[in-house]
Amino acid sequence: MKQMKIPNIEHLQIESFQQDLVGWYEKEKRDLPWRKSKDPYKIWVSEVMLQQTRVDTVIPYYERFMEKYPTIDTFAKAEDEEVLKIWEGLGYYSRVRNLHSAVKEVKERYGSKVPDTLQTISTLKGVGPYTAGAVLSIAYNQPEPAVDGNVMRVISRILSIWDDIAKPSSRKIFEEAVRKLIYEQDPSSFNQALMELGALICTPTSPSCLLCPVRDHCCAFQEGVQTELPVKTRKKKVRHLHLFAIVLKKEGEFLIHKRDETGLLANLWEFPNAELSELLSPKEQMMNFLQDEYGIDAKIETGVFTKIQHVFSHLVWDIDVYAGEMMSEITESTRLKLVNKERLIEFAFPVSHQKIWREYQTRE
DNA sequence: GAATCGTGGCG
DNA sequence: TCGCCAAGATT
């Protein structure tokens, strides 16, 4: 066993801390849709949606999702294409692909009951340490830590932990801390209370320490270093990619393409596009691209009709958008379709291409 | 361990 | 305006 830094909890009166934290939570917790049920499936879906995503963004997605797929079995039966469509705009699309796959496995292998042991639930696709702990504690009331960004921030301040939370290895230190602090009579409320405190009081930039129910237990507050914690190294800046995209029309229909099944925006639909180089003129590049990639000819308008920038977490797209008319026939396939305006909205597009479509329509 | 993988909001 | 962020998992 490699030795690990042990969090120092000597200054803490644990029972008093637990009471102050959970007591505050029971009184102040927000009325969120996923808190109306203890159904492990619903807790699970909410936790996946909430990964790296704000509560306000998730709420409407969660409501729509539960209306359409209220149970394991209803979601297990869903088609891939509609599953992607319901996630459209939420981002990190591998989440829903993994969730769908995992739910089907729960139906087939576990009789539609979400596993209730750490070992088993952790084997499900898309279920990492946080989600496993969250489902086990919130739905099954097991004393497992659920360490997310909120919890690392809150605990780093309370216990004055100066490890860099950007490092994956740091998470274990906080899990150990939570194991020692967790309120075994109500692990569900305790874990949610830590996250709720992080969301409402113990915020990243200007924490409301004067309103904090556990400030008397907080090491960072006593030392006046709450804004110095947590330590988090910032990431380097992102690279830019210059692209062209073409809205190609043929007799009232538009050419759309389904992206590769792995990588960025996997399986989403898009307008034909590629990286723009400096070697040839844009028009030559686009003609070559259409011929090489799809075997088609087109008349492309001379100027761009809009430029779109789209910022990802690790990448920026600068897209020059052109309009044109298809001059040849295509054989439609699973990844290449001609669709009219009405059918277009049945497909899941990344936000960047939704912008393209919106701009195109204002132009027509 | 470092990169990848989205999006919208905020100071 | 822009870096940073928000209930992470996978490769």
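We name chains A, B, ... by the order of the sequence lines, and we start the count at 1 in each one.
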Euclidean distance, atom NZ of residue A:Lys232 to atom C1' of C:dG3 [Å, nearest integer]: 12 Å
Rounded interatomic separation in angstrom, taking CZ from A:Arg153 and C1' from C:dG8: 15 Å
Separation of atom CG in A:Asp164 from atom C1' in B:dG1, rounded to whole Å: 12 Å
A:Lys167 NZ to B:dA3 C1', straight-line distance once rounded to whole Å: 14 Å
Atom-to-atom span, OH of A:Tyr61 to C1' of C:dA6 - whole angstrom: 15 Å
Donor-acceptor pair, side chain of A:Thr120 and main chain of A:Thr117, under 3.5 angstrom: no
Sequence-distant partners of A:Arg54, salt bridge (Lys or Arg N to Asp or Glu O under 4.0 Å), two or more places apart: none
Residues touching DNA chain C, which here means a heavy atom under 4.0 Å, drawn from residues 126-134 of chain A: A:Gly126, A:Val127, A:Gly128, A:Pro129, A:Tyr130, A:Thr131
Atom pair distance, as rounded to whole Å: CH2 in A:Trp44 and P in C:dA9: 13 Å
Tell me which donor-acceptor pairs under 3.5 Å the side chains of residues 341-355 of chain A have, and how far apart each pair is, sequence neighbours excluded?
from, atom 1, to, atom 2, distance (Å)
A:Lys341, NZ, A:Glu364, OE1, 3.0
A:His353, ND1, A:Phe271, N, 3.0
A:Gln354, NE2, A:Glu88, OE2, 3.4
A:Gln354, NE2, A:Phe349, O, 2.9
A:Lys355, NZ, A:Gln309, O, 3.3
A:Lys355, NZ, A:His310, ND1, 3.1

Check: A:Phe305 ring centroid to A:Tyr322 ring centroid under 6.0 Å: no
Along DNA chain C (nearest heavy atom to each residue), the more 5'-positioned of A:Lys125 and A:Leu50: A:Leu50
Per-nucleotide protein contact string for nucleotides 5-11 of chain B, where B marks a base within reach and S marks sugar-phosphate only (heavy atoms under 4.0 Å, - for neither): BBBB---
Ring geometry between A:Trp34 and A:Tyr62 (parallel below 30°, tilted from 30 to 60°, perpendicular above 60°): perpendicular
Sub-4.0 Å heavy-atom contacts from residues 23-34 of chain A onto DNA chain C, ordered by number: A:Arg30, A:Leu32, A:Trp34
Backbone of A:Lys307 reached by a side-chain donor or acceptor of A:Asp320 within 3.5 Å: no
Spacing of CG belonging to A:Leu248 relative to CD belonging to A:Glu325, to within rounding of 0.5 Å: 9.0 Å
Separation of the P atoms in B:dT4 and C:dA6, to the nearest angstrom: 22 Å
Whole-angstrom distance between B:dG6 and C:dT1, as gauged at atom P: 26 Å
Pair A:Phe75 and A:Tyr69, ring centroids less than 6.0 Å apart: yes
Plane angle bin for A:Trp357 and A:Phe254 - parallel if under 30°, tilted between 30 and 60°, otherwise perpendicular: perpendicular
Side chain to side chain donor-acceptor pair (under 3.5 Å) pairs, two or more places apart, involving residues 268-283 of chain A: A:Glu81-A:Trp269, A:His257-A:Glu270, A:Arg259-A:Glu270, A:Glu270-A:Asn273, A:Ser281-A:Glu284
Short side-chain to backbone donor-acceptor contact, A:Thr53 and A:Gln51, under 3.5 Å: yes
Worked check of side-chain hydrogen bond (donor to acceptor under 3.5 Å, both in side chains) between A:Glu223 and A:Ser160: CA-CA 9 Å; A:Glu223 307 285 332; A:Ser160 188; over 6 Å; no
Atom P, compared across B:dA3 and C:dC4: separation rounded to whole Å: 15 Å
5' priority, DNA chain C, between A:Arg35 and A:Ser122 [closest heavy atom]: A:Arg35
Integer-rounded Å distance: C:dA6 C1' and A:Leu197 CG: 16 Å
